[in-house]
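This chain uses plain numbering: 1 for the first residue, then up along the sequence. What's counted below: heavy atoms across the whole structure, side chains too, no hydrogens, waters or symmetry copies.
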Amino acid sequence: MTIASLGLGTYRISPCALSDAVIRAAADPTTAWIDTAPNYLNGQAQSLLAPVLTQHRVPVSTKVGFLTDRAAKDAVADRALTTDAAVHGHCLSTPYVHWQCSRNRTELGRAHLDLVFTHNPERTDGDPYESLRDAFIALEAEAAAGTLSAYGVATWDGFDTGALSIPSLHQLAAEAAGTEHHHLRAIQLPVSLVTATAFAQALDGDGPIAQAAELGWQVYASAPLFGGKLPHLATPELTALLSPELTVPQACLLATASCPGVTRILLSTSAPAHWTEAQTALRSPAIPVPTLRKVLDVLAAG
């Protein structure tokens with residue numbers, strides 16, 4: 001079994017701690033990764049990241065979909081967004097996706113984007129697949145133009161509710177690209193001992209994580225500590241079952257990192273000690289699947 005790599009999430013991080021967090025994440029160039037979005041930190045995340053990214057060539061994933069008030073005004077003024085979509089606050093239309101990709105490059109200070117996620121397509125106003133079709137057409141065009149390497153789908157509950165499925169996304173991307181060799185290469189979803197539906201399915205070789213892994217896609221686990229709540233929910237007995245030598249947060253992180261098919265976990269923390277503890281946890285041996293099953297069964301019964 002392999003252990004997922006550690007990446008820095010920027011959703012909950014303190015703005016004043018962002019630069020130092022990036023420097024810590026960049027310390028190991030073999031695994032370094034930053035995940036952000038244009039609406040994070042009240043719309044400031046990408047601009048705050050830009051100066052430190054000029055010093056550290058860390059790969060970055062960003063997103064398209066949610067609109068800040070300022071972005072909505074600018075996109076409407078540039079005729080990349082309708083006023084109705086601006087009011088809704090979420091859009092995946094082809095013109096808007098092109099516009100937001102360009103704005104992401106400007107804000108991040110990069111001419112090329114490593115990975116762009118469509119952000120919570122289940123929140124779109126209408127059929128998510130119709131919206132994703134438009135987005136994928138734009139993203140395939142961006143890839144063809146050399147302005148991005150790959151794209152993906154980031155969701156909170158789209159797979160759990162059945163709004164999204166890996167086979168359908170794969171087919172949609174192939175249609176947008178006109179070939180099976182499309183640039184849809186990743187998904188991002190919450191994976192933790194609490195948000196465990198896809199986790200449990202993966203242990204049986206099923207569900208979105210296993211299906212994405214079978215296609216060779218990257219799987220990014222967001223909220224591995226359930227927004228910081230999980231360490232307060234887990235018991236010492238549960239931690240001892242997972243890995244007796246680790247702290248509760250470390251054991252919970254290692255559990256997610258041990259989920260078959262997960263390639264990277266995204267940890268949003270401003271504290272150097274928390275980052276170091278996470279690195280230490282992910283150097284531990286993977287937790288065996290039978291143990292993970294037992295823990296999930298205990299939690300489900302509780």
Side-chain angles (χ1 to χ4, degrees), residues 1-7 9 31 33 35 117 122 152-170 184-267 278 280-302:
M1 291 180 64
T2 58
I3 291 286
S5 301
L6 182 64
T31 61
W33 194 276
D35 181 76
F117 286 108
E122 67 273 17
V153 175
T155 179
W156 182 253
D157 62 3
F159 293 119
D160 284 356
T161 62
L164 303 172
S165 77
I166 297 300
S168 295
L169 293 174
H170 178 46
L184 174 57
R185 307 279 173 77
I187 58 170
Q188 183 181 137
L189 72 165
V191 184
S192 72
L193 294 176
V194 175
T195 48
T197 300
F199 194 159
Q201 291 171 333
L203 298 183
D204 294 324
D206 197 9
I209 296 174
Q211 291 166 348
E214 188 174 345
L215 290 168
W217 298 0
Q218 298 291 302
V219 177
Y220 292 70
S222 60
L225 294 178
F226 195 53
K229 298 177 183 177
L230 186 51
H232 304 289
L233 300 174
T235 64
E237 291 78 15
L238 193 68
T239 303
L241 184 59
L242 287 166
S243 190
E245 69 278 7
L246 298 180
T247 65
V248 172
Q250 285 179 315
C252 293
L253 286 173
L254 182 58
T256 297
S258 300
C259 177
V262 170
T263 53
R264 190 177 300 278
I265 64 171
L266 299 171
L267 181 66
T280 300
L282 267 58
R283 286 194 288 266
S284 303
I287 299 171
V289 167
T291 302
L292 293 172
R293 278 202 189 99
K294 183 175 182 181
V295 168
L296 292 181
D297 287 346
V298 168
L299 289 170

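Between Glu237 and Val298 there is no side-chain heavy-atom pair separated by less than 4.5 Å. Contact of the Leu296 side chain with the Leu193 side chain is registered, since non-hydrogen atoms from C-beta on lie closer than 4.5 Å. Counting heavy atoms from C-beta outward, Ser258 and Ile3 have side chains that approach closer than 4.5 Å.
The backbone N or O of Trp156 sits less than 3.5 Å from a side-chain atom of Glu122, completing a donor-acceptor pair.
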Which pairs would a plain distance check flag for residues 196-204, meaning a side-chain donor or acceptor within less than 3.5 Å of a matching protein atom at least two apart in sequence or in another chain?
residue, atom, partner, partner atom, Å
Asp204, OD1, Arg293, NE, 3.2
Asp204, OD1, Arg293, NH2, 3.1

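Across every non-hydrogen atom of Pro260 and Val289, the tightest pair is CG-CG2, 4.0 Å. Among all heavy-atom pairs drawn from Ser192 and Ala223, the shortest one is CB-O, 3.7 Å. Residues Ser5 and Thr31 share a closest heavy-atom pair of OG-CG2, 3.9 Å. Between Ala212 and Ile166, the shortest heavy-atom distance links the atoms N-CG2, 4.0 Å. For the pair Leu282 and Ala4, the tightest heavy-atom approach, listed with the atom from each and the gap, is CD2-O, 3.3 Å.
Distance OG1/Thr239 to CG/Leu254: 11.0 Å, rounded to 0.5 Å. The line from CG of Leu253 to OG of Ser284 is 10.5 Å long, rounded to the nearest 0.5 Å. For the atom pair Gln218 CD and Ile187 CD1, the distance stands at 10.5 Å (nearest 0.5 Å). Distance CG/Leu169 to CG/Leu164: 5.5 Å, rounded to 0.5 Å.
A perpendicular orientation is assigned to the rings of Phe117 and Tyr220, their planes being inclined by more than 60° (bins at 30° and 60°).
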Output, in order, the C-alpha distance, side-chain angles, deciding distance and verdict of side chain to side chain donor-acceptor pair (under 3.5 Å) for Gln250 and Ser243.
CA-CA 9 Å; Gln250 285 179 315; Ser243 190; over 6 Å; no

